[in-house]
K.L.:
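Before anything else, here's the structure in question.
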Amino acid sequence: MNNYRKKKRIVQRRKEGKSTLYGILSRVNVIVVFFVVLLVITFTSFWTFRPSKMPSYKKDKNQALMEVQNFNLKEADTTQVSMDITGKKAMQYKDRDEFIGFDARRKTIDDAKKQTGMEIISGPSATLKNDTYYFNDGVNYTKLDALNQKDMTFYSQKGTYNTKKEIFDGKGNFTLESNLNNAKGIDITYNKKTNTIKAKDITAFISQTNNKSGDK
């Protein structure tokens, strides 16, 4: 009888041990499954919601280094101001200067007559590279004498002016007015140092100073 009771107790303990072990294993399995599922969700979220590429911005190589509104620039030599430039807007780039509403006034010296004068160059826009101004939207050139009287003026559709050589090269149609005559033509070239004008297809209207009626 005692042996039967001992065997029964051993069997019950074994059953209780198996139940306890099964419960622990069940809990472990639930925890493992939970973390596995969580890991899968994490990786899935990473690939599904990965951030988009950041936009790349290229630096504009044509960006102005400096910009000035309603400017007044003065170019001077060792003795005096040689050129006075005004305008609405000036932009400085690495290889050039650009102007909007350009107006430049420069003192001139006539060695032959021992007189000073002035030349005025103006246009809607201008670009300066080295010693040359480029006018692509039209340009007006005016030459004044020592008394600030208009000696000559002309308009050209396009043109360039070299400040060292003092030569204006025009492109396209031009019209010219002076004390002696008026003219029109194509591709005017004016050399200030020699005071000579060259052009193509010139049509001139010469003033008859001796004509009392002032006909041309």
K.L.:
Going only through I, L, V, M, F, W and Y residues with side-chain contacts under 4.5 Å, is there a path from I100 to L65?
P.N.:
no
K.L.:
Could you check whether D84 pairs with R105 (Lys NZ or Arg NE/NH1/NH2 to Asp/Glu carboxylate O, under 4.0 Å)?
P.N.:
no
K.L.:
Check the pair Q63, Y93 against side-chain contact (heavy atoms from CB on, under 4.5 Å), reporting the backbone distance first and the verdict last.
P.N.:
CA-CA 7 Å; Q63 186 176 0; Y93 296 86; 6.0 Å; no
K.L.:
Using side chain to side chain donor-acceptor pair (under 3.5 Å) as the criterion, list what pairs up with T203, not counting sequence neighbours.
P.N.:
none
K.L.:
Under the salt bridge (Lys or Arg N to Asp or Glu O under 4.0 Å) definition, can you give me all pairs with a residue in residues 195-205, not counting sequence neighbours?
P.N.:
D187-K200
K.L.:
Quick one: does any side-chain atom of Q157 pair with a main-chain N or O of N173 as donor and acceptor, under 3.5 Å?
P.N.:
yes
K.L.:
Please collect all salt bridge (Lys or Arg N to Asp or Glu O under 4.0 Å) contacts where either partner lies in residues 149-161, sequence neighbours excluded, each pair once.
P.N.:
K143-D151
K.L.:
Would you mind listing the cluster partners of L144? Hydrophobic ones only (ILVMFWY), side-chain contacts under 4.5 Å, chaining allowed.
P.N.:
M118, I120
K.L.:
Can you see which heavy atom on P124 is nearest to which on G138, and at what distance?
P.N.:
CD-O, 3.4 Å
K.L.:
Please list all pairs passing the ring-ring contact (aromatic ring centres under 6.0 Å, His included) test where one or both residues lie in residues 143-172, with sequence neighbours left out.
P.N.:
Y141-F154, F154-F168
K.L.:
Measure across F174 and A199 and return the closest heavy-atom pair with its distance rounded to 0.1 Å.
P.N.:
CE2-CB, 3.4 Å
K.L.:
So which pairs with a foot in residues 174-185 pass salt bridge (Lys or Arg N to Asp or Glu O under 4.0 Å), sequence neighbours left out?
P.N.:
none
K.L.:
Side chains of F205 and N181: closer than 4.5 Å at any heavy-atom pair?
P.N.:
no
K.L.:
Check side chain to side chain donor-acceptor pair (under 3.5 Å) between R96 and all other residues, then give those that pass, not counting sequence neighbours.
P.N.:
N62, E98
K.L.:
Where does the angle between the aromatic ring planes of F135 and Y133 fall among parallel (under 30°), tilted (30 to 60°) and perpendicular (over 60°)?
P.N.:
parallel
K.L.:
Can you give the donor-acceptor pairs under 3.5 Å from side chains of residues 125-132 to other protein atoms, not counting sequence neighbours?
P.N.:
{"unit_1": "S125", "atom_1": "OG", "unit_2": "D137", "atom_2": "OD2", "d": "2.5"}
{"unit_1": "T132", "atom_1": "OG1", "unit_2": "N162", "atom_2": "ND2", "d": "3.3"}

K.L.:
Looking at every heavy atom in both S156 and G170, which two are closest together, and how far apart are they?
P.N.:
OG-CA, 3.7 Å
K.L.:
Could you work out, with side-chain contact (heavy atoms from CB on, under 4.5 Å) as the rule, every residue matching I167, not counting sequence neighbours?
P.N.:
K165, D169, T189, N191
K.L.:
Which residues pass the side chain to side chain donor-acceptor pair (under 3.5 Å) test with Q69, not counting sequence neighbours?
P.N.:
E67
K.L.:
Is R106 close to I121 at the side-chain level, that is, under 4.5 Å between some pair of heavy atoms?
P.N.:
no
K.L.:
Sequence neighbours excluded, which residues qualify as side chain to side chain donor-acceptor pair (under 3.5 Å) partners of T142?
P.N.:
T153
K.L.:
Nearest 0.5 Å, what's the CD1-CD1 distance between I186 and I188?
P.N.:
12.0 Å
